[in-house]
**Student:** 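Following this message is one structure expressed as structure tokens.
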Amino acid sequence: MSEFAKPRGTADILPEQAAEWRAIEDAARQLFETYHYREIRTPIFEHTEVFQRGVGDTTDIVQKEMYTFLDRGERSLTLRPEGTAGVVRAFVEEKLYGEMNTQKFYYLGPMFRYEKPQAGRYRQFHQYGVEVIGSSDPRVDAEVIGLGDHLLRQMGVKSFSLLLNSVGCPVCRARHREQLLAYLQPVRSELCKDCQSRFDKNPLRILDCKIDRDHPVVASAPKITDALCEDCARQFSQVQTYLDEMGISYEIDKTMVRGLDYYTQTAFEFVEGSIGAVSTILAGGRYNGLIQMLGGPDLPGIGFAGGVERLILARAAHGATQVGQDRVDVFVLALGEIATKPAARLLHELRSVGIKADSDYSGRKVKAQLKVADRLGARYVVLLGEDEVAAGQVAVRNLATREQVTIEQSELVSYLSEQVSLRF
RNA sequence: GUGGGCGUGGCGAAGCGGUCAACGCACCGGAUUGUGGCUCCGGCACUCGUGGGUUCGAAUCCCAUCGCUCACCCCA
């Protein structure tokens with residue numbers, strides 16, 4: 001074991017896996033652009049207050065999961081634990097609201113949370129996500145949800161379910177909170193320890209508690225979904241109408257609450273059963289108060305975020321894993337001291353015209369080098385020995401057909417350009 | 001933060017108190033002259049995460065510690 005190990009909860013993405021990562025990132029970007037979302041890149045760290053305000057002081061993320069540090073100027077900074085707060089901060093700071101009424105963004109990148117790692121949960125993990133700011137039209141909710149659905153399908157996740165709920169607005173939420181507290185008060189002492197404290201901080205979460213969920217009183221407690229104000233109820237039903245219209249199936253889950261404080265109205269979660277205990281693969285919701293909370297105008301917003309690591313796990317479970325092929329077009333084989341210089345020159349010439357080429361650097365024998373060429377999946381071997389060097393020629397061997405020709409060194413590039421291009 | 005499982009060569013994995021720590025894969029070399037994928041032969045852990053203890057003797061038992069992993073809270 002090495003003396004230096006990567007920090008807990010981080011991962012090295014090795015070349016083989018990097019191919020899949022890149023494929024996912026490329027496909028995600030392309031899909032987002034198809035929906036006319038534009039990429040936005042915000043800093044990986046922000047002033048701590050951005051997350052305290054943006055994510056919410058009562059959330060686990062802020063209370064116990066942030067990577068917070070003081071820089072040399074004594075400023076408190078935090079590695080971003082999620083993407084929305086930073087995007088909204090940028091939106092407000094750069095005054096992007098001046099441009100158009102509705103703006104659509106996407107992002108891709110690492111996030112950091114100080115958690116104990118397990119399957120599908122890491123301290124540095126990666127998310128792709130979208131944010132739509134400036135419209136509260138339920139068509140936008142449906143578009144964002146539909147985009148999540150589309151992305152998962154496109155990525156090869158064949159089965160998953162979509163849970164949908166509405167968590168209301170500050171008006172109906174406050175009203176529901178009163179009802180709920182009154183309702184639960186008599187059984188407060190029967191609740192689990194966590195729910196005792198949720199009682200004051202975030203009673204909505206009690207409904208979602210895995211321990212108390214089965215408690216008869218809790219199970220039949222008033223749901224926010226049933227206590228929505230007129231506006232929220234209409235929003236919720238219209239979102240469903242559009243989803244129906246788009247042929248996207250979902251289940252209403254009245255106990256589903258999103259973990260972040262900023263959510264209002266629409267909340268949704270895509271879950272996949274085979275990736276471990278943490279089955280949420282992509283989730284999001286509407287956050288109508290957030291922009292104003294971060295100092296901007298009173299604009300509505302909605303978005304989602306998905307975990308790349310969880311997507312990769314799900315792809316694996318669905319047999320969609322992609323392995324990178326590591327092939328080279330040409331392998332330059334130099335024999336002996338005398339061949340090294342012309343070989344280096346030819347290797348460089350081949351690469352200059354875009355032919356993927358490699359060579360051996362350890363001065364091994366022909367046999368060993370051919371073995372390497374074979375293993376690299378090379379189509380051609382350019383062989384340079386004493387005879388060839390003396391004659392200004394090279395032997396070019398087609399590894400598949402075993403045919404070998406000897407040509408002038410000056411013709412090599414044009415000869416191979418032609419051969420290699422024939423494959424495409 | 002809490003609980004379970006596990007830590008043997010690059011990887012997978014046997015051994016679970018007593019000769020030199022199996023084996024497979026990978027890797028390296030060889031099977032006569034400068035020609036590959038198969039086969040055959042050979043090489044590759046003074047050491048079993050780390051530290052301490054028990055014992056005549058420990059990879060094997062005990063304790064601690066670190067790490068990995070799964071699960072809980074919560075979450076992508």
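Chain letters run A, B, ... following the sequence lines, proteins first and then strands; every chain starts at 1.
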**Student:** I'd like the P distance from B/rG42 over to B/rG4, given in whole Å.
**Tutor:**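 About 48 Å, rounded to a whole number of Å.
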
**Student:** Contact class for A/Gln124 (heavy atom, under 4.0 Å): base, sugar-phosphate, or nothing?
**Tutor:**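 A/Gln124: no heavy atom of the nucleic acid under 4.0 Å.
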
**Student:** Measure from the side-chain heavy atoms of A/Lys367 and tell me the nearest of B/rG36, B/rG1, B/rA76.
**Tutor:**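 Between B/rG36, B/rG1, B/rA76, the one nearest the side chain of A/Lys367 would be B/rG36.
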
**Student:** Give the rounded distance in Å between these two atoms: CG of A/Leu14 and P of B/rG10.
**Tutor:**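 Computing the A/Leu14:CG to B/rG10:P distance gives 16 Å.
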
**Student:** Taking the six-membered ring for Trp, are A/Phe32 and A/Tyr106 closer than 6.0 Å centroid to centroid?
**Tutor:**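 Yes, they do, as the ring centres are separated by less than 6.0 Å.
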
**Student:** Need one value for A/Leu333: base, sugar-phosphate or nothing, where a base atom within 4.0 Å counts as base even if backbone is also close, heavy atoms only.
**Tutor:**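 Result for A/Leu333 = nothing.
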
**Student:** Specify the separation, in whole Å, of atom CG of A/Asp60 and atom C1' of B/rA76.
**Tutor:**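 So the CG-C1' distance, A/Asp60 to B/rA76, works out to 15 Å.
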
**Student:** With A/Arg123 as the cation and A/Tyr114 as the aromatic partner, state whether NZ or CZ is under 6.0 Å from the six-membered ring centre and within 45° of the axis.
**Tutor:**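 Relative to the ring axis of A/Tyr114, which defines the angle, A/Arg123 lies inside both limits.
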
**Student:** Expressed in angstrom and rounded to an integer, what is the separation of A/Asp374 atom CG from B/rA26 atom P?
**Tutor:**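 A/Asp374 atom CG is separated from B/rA26 atom P by 14 Å.
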
**Student:** If I take atom CZ in residue A/Arg121 and atom P in nucleotide B/rC68, what distance separates them, rounded to the nearest angstrom?
**Tutor:**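 Value for this atom pair: 16 Å.
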
**Student:** Closest nucleotide of RNA chain B for A/Arg123 versus for A/Tyr114: which of these residues is on the 5' side?
**Tutor:**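 Its nearest nucleotide being more 5', the pick is A/Tyr114.
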
**Student:** Between A/Arg8 and B/rC66, does any side-chain N or O lie under 4.0 Å from OP1 or OP2?
**Tutor:**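 Checking B/rC66 against A/Arg8, no side-chain N or O comes under 4.0 Å of OP1 or OP2.
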
**Student:** Starting from C1' on B/rU69, measure out to CD on A/Glu115 and report it in whole angstrom.
**Tutor:**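 After rounding, the gap between these two atoms is 16 Å.
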
**Student:** How far does the P atom of B/rC23 sit from the matching atom of B/rC72, given to the nearest Å?
**Tutor:**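 To the nearest whole Å, 42 Å.
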
**Student:** Who passes side chain to side chain contact (heavy atoms under 4.5 Å, CB included) against A/Arg351, sequence neighbours left out?
**Tutor:**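 For A/Arg351, the residues satisfying side chain to side chain contact (heavy atoms under 4.5 Å, CB included) (neighbours in sequence not counted) are A/Leu347, A/Ala357, A/Asp358, A/Tyr361.
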
**Student:** Tell me: CG of A/Asn398 to C1' of B/rG36, nearest whole Å?
**Tutor:**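 Taking CG of A/Asn398 and C1' of B/rG36, I get 12 Å after rounding.
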
**Student:** Mind checking the P distance from B/rG18 to B/rG57? Whole angstroms is fine.
**Tutor:**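 So the two P atoms sit 15 Å from each other.
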
**Student:** Please work out if A/Ala119 contacts a base, only the sugar-phosphate, or nothing of the nucleic acid, heavy-atom cut-off 4.0 Å.
**Tutor:**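 Counting heavy atoms under 4.0 Å across all strands, the contact made by A/Ala119 is with sugar-phosphate only.
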
**Student:** For A/Lys365 and B/rU32, give me the distance from atom NZ to atom P, rounded to whole Å.
**Tutor:**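 Going from A/Lys365 (NZ) to B/rU32 (P), I get 10 Å.
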
**Student:** Which nucleotide sits closest to the side chain of A/Arg402: B/rA71, B/rA76, B/rG36?
**Tutor:**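 The answer is B/rG36, which lies nearest to the side chain.
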
**Student:** Using the P atom as the reference point in each nucleotide, state the distance between B/rC6 and B/rC62 in Å, no decimals.
**Tutor:**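 Taking atom P in both B/rC6 and B/rC62, they lie 11 Å apart.
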
**Student:** Across the strands shown, which category fits A/Leu383 at heavy-atom distances under 4.0 angstrom: base, sugar-phosphate, nothing?
**Tutor:**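 Base contact - A/Leu383 has a heavy atom under 4.0 Å of at least one base atom.
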
**Student:** Suppose you measure atom C1' in B/rG9 against the same atom in B/rA13; what distance do you get, rounded to whole Å?
**Tutor:**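 Each nucleotide's C1' atom is 11 Å from the other's.
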
**Student:** Could you tell me whether A/Gly336 contacts a base, only the sugar-phosphate backbone, or nothing, with contacts defined as non-hydrogen atoms closer than 4.0 Å?
**Tutor:**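 No contact.
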
**Student:** Contact class for A/Glu82 (heavy atom, under 4.0 Å): base, sugar-phosphate, or nothing?
**Tutor:**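 No contact.
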
**Student:** Is the CZ atom of A/Arg188 crowded by more than 12 outside heavy atoms at less than 6.0 Å?
**Tutor:**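 Yes, CZ of A/Arg188 has more than 12 neighbouring heavy atoms, counting only those of other groups under 6.0 Å.
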
**Student:** So A/Tyr122, base contact, sugar-phosphate only, or nothing? Heavy-atom distance under 4.0 Å.
**Tutor:**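 Result for A/Tyr122 = base.
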
**Student:** Measuring only the P atom in each nucleotide, how far is B/rG12 from B/rC68? A whole number of Å is fine.
**Tutor:**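 Rounded to whole Å, the distance is 15 Å.
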
**Student:** Please report the shortest heavy-atom distance between A/Ala317 and A/Ser274, naming the atom on each side.
**Tutor:**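 Heavy-atom minimum between the residues: CB-OG, 3.1 Å.
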
**Student:** Picking from B/rG30, B/rG36, B/rC70, which would you name as closest to the side chain of A/Lys116?
**Tutor:**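 Looking only at heavy atoms from C-beta outward on A/Lys116, the closest nucleotide is B/rC70.
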
**Student:** Could you please name the option among B/rG34, B/rA76, B/rA71 that lies closest to any side-chain atom of A/Thr280?
**Tutor:**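 Selected nucleotide: B/rA76.
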
**Student:** Quick one: which residue pairs count as a salt bridge (Lys or Arg N to Asp or Glu O under 4.0 Å) with a foot in residues 389-414 of chain A, not counting sequence neighbours?
**Tutor:**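 Pairs touching residues 389-414 of chain A that pass the test: none.
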
**Student:** Where the side chain of A/Val278 is concerned, which of B/rG36, B/rA76, B/rC75 is the nearest nucleotide?
**Tutor:**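 Between B/rG36, B/rA76, B/rC75, the one nearest the side chain of A/Val278 would be B/rC75.
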
**Student:** Hey, which sits more toward the 5' end of RNA chain B by its nearest nucleotide, A/Lys371 or A/Pro7?
**Tutor:**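 Between the two, 5'-proximity favours A/Lys371.
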
**Student:** From the options A/Thr264, A/Thr266, A/Asp141, select the one residue that forms a side chain to side chain donor-acceptor pair (under 3.5 Å) with A/Gln235.
**Tutor:**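 Only match with A/Gln235 under side chain to side chain donor-acceptor pair (under 3.5 Å): A/Asp141.
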
**Student:** Under 3.5 Å for both distances, Watson-Crick or G-U wobble, that's the pair rule; now give the dot-bracket for RNA chain B, with | marking pairs to another strand and [ ] for crossing ones.
**Tutor:** ((((((((.[[[..)..(....]]].(((((.......))))).....[[[[[..)....]]]]])))))))....

**Student:** If the C1' atom of B/rC61 is compared with that of B/rU54, how far apart are they to the nearest Å?
**Tutor:**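 One C1' to the other, the span is 8 Å.
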
**Student:** Looking for any heavy atom pair under 4.0 Å, which part of the strands does A/Arg113 touch: base, sugar-phosphate only, or nothing?
**Tutor:**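 Since a base atom lies under 4.0 Å of A/Arg113, the category is base.
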
**Student:** Taking any heavy-atom pair under 4.0 Å as a contact, classify A/Gln369: base, sugar-phosphate, or nothing.
**Tutor:**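 No contact at all - A/Gln369 keeps every heavy atom at 4.0 Å or more from the nucleic acid.
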
**Student:** Using the C1' atom in both, what is the distance from B/rC48 to B/rU8, to the nearest Å?
**Tutor:**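 About 4 Å, rounded to a whole number of Å.
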
**Student:** If I take atom OH in residue A/Tyr380 and atom C1' in nucleotide B/rG36, what distance separates them, rounded to the nearest angstrom?
**Tutor:**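 Distance, rounded to whole Å: 16 Å.
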
**Student:** Among the candidates B/rU69, B/rC73, B/rA76, find the nucleotide nearest to the side-chain atoms of A/Gln118.
**Tutor:**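 When the side chain of A/Gln118 is considered, B/rC73 is the closest of B/rU69, B/rC73, B/rA76.
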
**Student:** Would A/Glu143 and A/Lys104 pass as an ion pair if we require N to O under 4.0 Å?
**Tutor:**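 Judged by the 4.0 Å cut-off on N to carboxylate O distance, A/Glu143 and A/Lys104 do form a salt bridge.
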
